[in-house]
*Asks:* 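Provided herewith is a single structure, encoded as structure tokens, for subsequent inquiry.
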There are 4 protein chains.
Amino acid sequence: MKGGTVTVRDTPTGWNSEPAGAEPRGRPRGRPRSEAVEQAILEGVLRLLEGGGTLSSLTVEGIAKAAGVGKATIYRRWPGKEALLLDALATLDNDPLPETGSGSVRDDLVRLIEFVRQRGVSKRESELLRLVTSEVMCHPDLSQQYHDRFIAPRREALRQVLVRGIDSGELRDDIDLELLGDLFAGPMLMRTVLHQWAALPEDLPERIVDAVLDGVRKK
Amino acid sequence: MKGGTVTVRDTPTGWNSEPAGAEPRGRPRGRPRSEAVEQAILEGVLRLLEGGGTLSSLTVEGIAKAAGVGKATIYRRWPGKEALLLDALATLDNDPLPETGSGSVRDDLVRLIEFVRQRGVSKRESELLRLVTSEVMCHPDLSQQYHDRFIAPRREALRQVLVRGIDSGELRDDIDLELLGDLFAGPMLMRTVLHQWAALPEDLPERIVDAVLDGVRKK
Amino acid sequence: MKGGTVTVRDTPTGWNSEPAGAEPRGRPRGRPRSEAVEQAILEGVLRLLEGGGTLSSLTVEGIAKAAGVGKATIYRRWPGKEALLLDALATLDNDPLPETGSGSVRDDLVRLIEFVRQRGVSKRESELLRLVTSEVMCHPDLSQQYHDRFIAPRREALRQVLVRGIDSGELRDDIDLELLGDLFAGPMLMRTVLHQWAALPEDLPERIVDAVLDGVRKK
Amino acid sequence: MKGGTVTVRDTPTGWNSEPAGAEPRGRPRGRPRSEAVEQAILEGVLRLLEGGGTLSSLTVEGIAKAAGVGKATIYRRWPGKEALLLDALATLDNDPLPETGSGSVRDDLVRLIEFVRQRGVSKRESELLRLVTSEVMCHPDLSQQYHDRFIAPRREALRQVLVRGIDSGELRDDIDLELLGDLFAGPMLMRTVLHQWAALPEDLPERIVDAVLDGVRKK
DNA sequence: CAGTAACCGAGACGGTACGTCTAGTCTTACC
DNA sequence: GGTAAGACTAGACGTACCGTCTCGGTTACTG
């Protein structure tokens with residue numbers, strides 16, 4: 001289901017795993033958890049989100065109803081709706097990051113930012129993303145999860161491109177990588193947080209990259 | 001807060017105002033709403049927030065208890081806790097924006113970003129700001145309010161500096177102002193959303209401004 | 001207003017009177033209480049009762065609104081709506097009791113019970129009576145009031161007739177007067193409590209009196 | 001209570017029953033309602049009533065607290081506290097009616113009235129009975145329920161005795177049964193309504209029956 | 001092939017908070 | 001000082017979810 005994990009029993013995100021140690025290798029006893037049920041729940045979340053509505057209107061009870069599932073079945077898999085949301089976001093977010101390293105650093109940067117822009121222009125994804133981001137801001141304990149699963153991969157891809165640019169002499173080496181990354185990603189985030197979905201024109205990635213690369217000071 | 005409104009009776013944020021038109025000028029009848037009660041409620045919110053906790057742990061009932069006030073008194077003034085939060089944020093957020101226009105464009109930009117950084121390093125303000133931002137992301141109806149009261153003034157100050165820079169020939173004139181603003185503000189927002197409060201070193205504003213001004217491309 | 005009381009200032013039922021002794025005789029200071037207001041309140045109660053509804057739907061706030069009066073004006077006169085209800089009942093209940101003593105004891109008894117039946121067949125009065133009775137059953141402190149003002153006069157009239165009957169040898173003297181009264185009044189009360197308003201045919205008083213007088217044992 | 005019904009799932013008084021028709025006979029799904037919880041609620045009501053207090057001081061919230069139960073659990077079973085009161089009354093009121101038909105009509109009548117008197121002299125029962133009666137007087141929709149469950153059985157027992165008396169020639173046959181019943185029951189009701197609990201001496205049933213049977217007219 | 005252990009839908013359970021309503025008091029300006 | 005208006009504290013109302021807990025019933029593996 002998720003990435004390269006092979007065992008059927010692996011809980012979606014590592015939550016709620018068995019006592020750990022009881023059965024070192026053997027298949028757990030009893031009826032195995034239904035893969036179909038899991039899908040139904042995640043799809044139920046997405047379906048409810050399409051109807052719009054705030055985060056507090058997305059109730060566990062409603063999700064259970066929408067998925068035709070008992071509440072306990074949800075709580076058996078996730079500790080709460082916040083964690084469930086993270087997994088729901090993951091089901092939409094499994095497109096591979098664009099290839100980089102083949103062309104110029106500039107093109108790679110544009111491609112990466114364009115990839116993020118794509119998320120933003122999709123109604124369903126942007127809605128969910130916004131909800132999850134909102135949720136994460138209130139729950140420090142989810143922040144790490146969120147960062148590791150959704151932010152880190154993108155930042156890492158960005159970082160690799162930037163490192164390549166520095167090594168090749170295309171980029172200055174007196175700016176720390178963290179800030180460098182923020183400069184490129186910031187404008188996209190800004191528009192997301194402020195509901196400015198419309199403000200994502202096709203040429204935005206190019207304009208961001210060029211402005212950051214060249215600087216905004218008049219030569 | 002409340003800008004230049006003069007009348008005593010003006011409700012905090014324009015919510016819940018009287019039918020409008022009934023009594024064009026005269027003082028409304030009945031016992032006037034207590035200014036003290038209003039303060040007590042807002043202070044109650046701030047006190048509860050210092051104790052930490054997520055947004056859902058900040059209940060209207062708790063606020064009423066903390067402020068020594070009936071629930072109805074809160075609902076008489078605000079339609080819900082989200083709107084109340086906006087006003088609570090405003091009570092912390094009434095420092096005047098820094099003066100600009102006296103020195104170089106670069107100095108003005110640094111001053112503006114430093115002003116935002118100050119908010120971030122204050123525990124109480126940053127906590128509240130994060131909660132409100134989170135809330136706003138889920139409630140499109142509050143988004144406008146939030147933008148007009150907290151975002152717009154800062155953006156306008158920023159815009160004026162940028163316009164001055166363009167007019168004086170210090171800044172390029174081929175980048176739209178919106179994007180220009182995002183470039184400077186983005187890194188601050190990024191760190192706020194991701195709980196990276198620690199990542200706000202004193203020299204950050206300078207580094208942001210210099211990087212954006214000069215570009216990150218190796219000369 | 002009420003019976004033979006002359007002074008304007010006398011509160012309706014003696015509640016809420018001034019400190020008593022402060023100003024032994026002189027006209028009290030300030031604006032005198034408005035007679036009209038008092039009437040408006042009582043009529044408001046009656047109007048609301050016509051609309052039907054339970055006792056808990058008869059709110060002080062609603063009465064004030066219906067009477068075009070402030071709540072404080074009501075509380076200045078009555079300690080609560082229960083007491084107010086008693087006075088409202090009194091405004092309907094001021095017809096003089098029928099004359100007795102002129103004819104036979106049987107005729108007097110029929111006349112008294114017919115008088116009670118009249119109350120029952122009037123929608124408005126019976127509704128109010130039922131509400132008040134209900135209220136009284138829950139408030140022992142009003143029980144005395146209720147008894148003195150509404151029950152006692154009727155029972156006294158009944159008692160006088162019965163005493164006359166005993167003295168004249170028409171009635172047995174081995175039954176205590178209390179029980180004697182209950183025998184005549186019981187059937188009317190029974191139908192009131194059980195909402196059997198329809199079961200008050202015109203000849204009911206006669207039938208009650210004859211049955212009780214003659215006994216129900218077959219001769 | 002609940003008569004001869006055997007099934008465990010029967011809701012107390014038929015309120016809140018399932019859609020009726022969905023599952024004609026099978027056991028309803030989900031966790032069954034706890035019998036113990038039901039008892040706890042009813043006992044909570046009785047406990048609160050012993051403390052005295054008016055009907056409005058008997059709140060659903062208080063009952064829930066007293067029974068150690070959530071409010072929803074109460075509302076799941078009863079539509080409101082009025083209906084709950086009826087069931088609470090029923091738990092006290094399940095003594096079988098006295099046997100009749102074995103002896104003289106007079107003895108049967110005395111026995112029936114003595115049965116009612118017993119209710120009245122018990123503090124707890126009379127308190128509850130008074131509250132329920134009061135409540136019923138204000139809520140016509142409960143009147144039928146109340147009548148069917150508490151009044152009708154007693155009236156029917158009384159009616160049977162009276163019919164036997166008429167058939168055997170002991171009682172006059174020219175008085176309608178309804179009035180006949182009221183004559184015997186009226187005095188008891190009267191004392192109940194007027195808080196005259198003390199006025200229920202042991203020989204009252206006998207005196208009532210004899211007076212009604214023989215008539216009060218001097219022979 | 002019966003036993004057993006965990007799964008499943010359903011929904012009851014004790015709580016908590018919601019947003020509304022009313023009680024009874026208090027505070028204005030006006031009369 | 002009476003009056004209408006309406007804000008005030010307090011707390012019950014009935015509803016909606018939370019996260020947990022039974023129920024009867026359903027798989028899969030195991031002995």
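A note on names: the letters A, B, ... follow the listed sequences, proteins ahead of strands, and every chain is numbered from 1.
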*Asks:* What is the separation between atom OH on C:Tyr75 and atom C1' on F:dG6, rounded to the nearest whole Å?
*Replies:*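 Distance, rounded to whole Å: 14 Å.
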*Asks:* Between P on E:dA17 and CG on B:Leu55, what's the gap in Å once rounded to a whole number?
*Replies:*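 Roughly 13 Å, once rounded to whole Å.
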*Asks:* So what does C:Thr59 hit on the nucleic acid, given a heavy-atom distance under 4.0 Å: a base, only sugar-phosphate, or nothing?
*Replies:*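 Sugar-phosphate only.
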*Asks:* About how many Å separate CG of C:Leu42 and CG of C:Leu84, when rounded to the nearest 0.5 Å?
*Replies:*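 It comes to 6.0 Å.
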*Asks:* Could you list by number each residue of residues 60-67 of chain D showing a heavy-atom separation from DNA chain F of less than 4.0 Å, or answer none if no residue does?
*Replies:*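 Within this stretch, D:Val60, D:Glu61 sit under 4.0 Å of the strand.
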*Asks:* Quick one: pull up OG1 in B:Thr91 and CD1 in B:Ile41 and give me the separation to the nearest 0.5 Å.
*Replies:*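 Going from the OG1 atom of B:Thr91 to the CD1 atom of B:Ile41 covers 12.5 Å.
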*Asks:* Could you tell me how far apart A:Leu58 (CG) and F:dA16 (C1') are, to the nearest whole angstrom?
*Replies:*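 A:Leu58 atom CG is separated from F:dA16 atom C1' by 15 Å.
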*Asks:* Below 4.0 angstrom from OP1 or OP2 of F:dT9, is there any side-chain N or O of B:Thr73?
*Replies:*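 For F:dT9, OP1 or OP2 has a side-chain N or O of B:Thr73 closer than 4.0 Å.
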*Asks:* Between B:Gly80 and D:Gly68, just flag the one whose closest nucleotide in DNA chain E comes earlier from the 5' side.
*Replies:*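 Nearer the 5' end of the strand: D:Gly68.
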*Asks:* What I'd like to find out is whether the side chain of B:Asp141 reaches to under 4.5 Å of the side chain of B:Glu82, using heavy atoms alone.
*Replies:*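 No, too far: nothing below the 4.5 Å cut-off.
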*Asks:* Would you state whether a donor and an acceptor, one from the side chain of B:Arg31 and one from the base of F:dC8, lie under 3.5 Å apart?
*Replies:*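 In this structure, the two groups form no donor-acceptor pair.
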*Asks:* Base, sugar-phosphate, or nothing for D:Ser34, non-hydrogen atoms under 4.0 angstrom?
*Replies:*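 Sugar-phosphate contact only - D:Ser34 comes under 4.0 Å of backbone atoms but never of a base.
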*Asks:* Which pairs count as salt bridge (Lys or Arg N to Asp or Glu O under 4.0 Å) when at least one residue sits in residues 50-62 of chain D, sequence neighbours excluded?
*Replies:*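 Qualifying pairs: D:Glu50-D:Arg124, D:Glu61-D:Lys71.
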*Asks:* Choose from E:dC18, F:dT3, F:dC13 the nucleotide whose nearest atom is closest to any side-chain atom of B:Lys81.
*Replies:*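 Closest of the options to the side chain of B:Lys81: E:dC18.
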*Asks:* Looking at C:Lys71 and F:dG6, is any side-chain donor or acceptor paired with a base atom of the opposite kind under 3.5 Å?
*Replies:*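 It does not, because no donor-acceptor pair links the side chain of C:Lys71 to the base of F:dG6 below 3.5 Å.
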*Asks:* Atom CG of B:Leu84 to atom C1' of E:dC18: distance rounded to whole Å?
*Replies:*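 Taking atom C1' of E:dC18 as the reference, CG of B:Leu84 is at 15 Å.
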*Asks:* Measure CD1/B:Ile74 against C1'/F:dA10 and give the value in whole Å, please.
*Replies:*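 So the CD1-C1' distance, B:Ile74 to F:dA10, works out to 13 Å.
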*Asks:* Here's a test of your reading of the structure: between B:Ser56 and C:Ala72, which maps to the more 5' nucleotide of DNA chain E?
*Replies:*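 Whichever sits nearer the 5' end wins; that is B:Ser56.
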*Asks:* Between C:Lys81 and C:Thr59 (side chain of the first, backbone of the second, donor and acceptor by atom type, cut-off under 3.5 Å), is there such a pair?
*Replies:*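 Flag not set: sc C:Lys81 to bb C:Thr59 has no pair under 3.5 Å.
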*Asks:* Look at the side chain of A:Arg33 and the base of E:dC7, then say whether one donor and one acceptor between them are separated by less than 3.5 Å.
*Replies:*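 Looking at the base of E:dC7, it does not pair with any donor or acceptor on the side chain of A:Arg33 (distance under 3.5 Å).
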*Asks:* Does D:Arg29 put a side-chain nitrogen or oxygen below 4.0 Å from OP1 or OP2 of F:dT22?
*Replies:*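 No.
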*Asks:* Would D:Asp87 and D:Val45 satisfy side chain to side chain contact (heavy atoms under 4.5 Å, CB included), going step by step from the backbone distance to the final call?
*Replies:* CA-CA 10 Å; D:Asp87 275 355; D:Val45 171; over 6 Å; no
*Asks:* What integer distance in Å separates B:Trp78:CH2 from E:dC18:P?
*Replies:*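 Rounded to the whole Å, the gap is 15 Å.
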*Asks:* Would you please test D:Leu85 and D:Leu128 for side chain to side chain contact (heavy atoms under 4.5 Å, CB included) and show each step?
*Replies:* CA-CA 8 Å; D:Leu85 266 182; D:Leu128 179 52; 3.6 Å; yes
*Asks:* Nearest-Å distance, CD (A:Glu35) to C1' (E:dA6)?
*Replies:*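 The answer, rounded to whole Å, is 17 Å.
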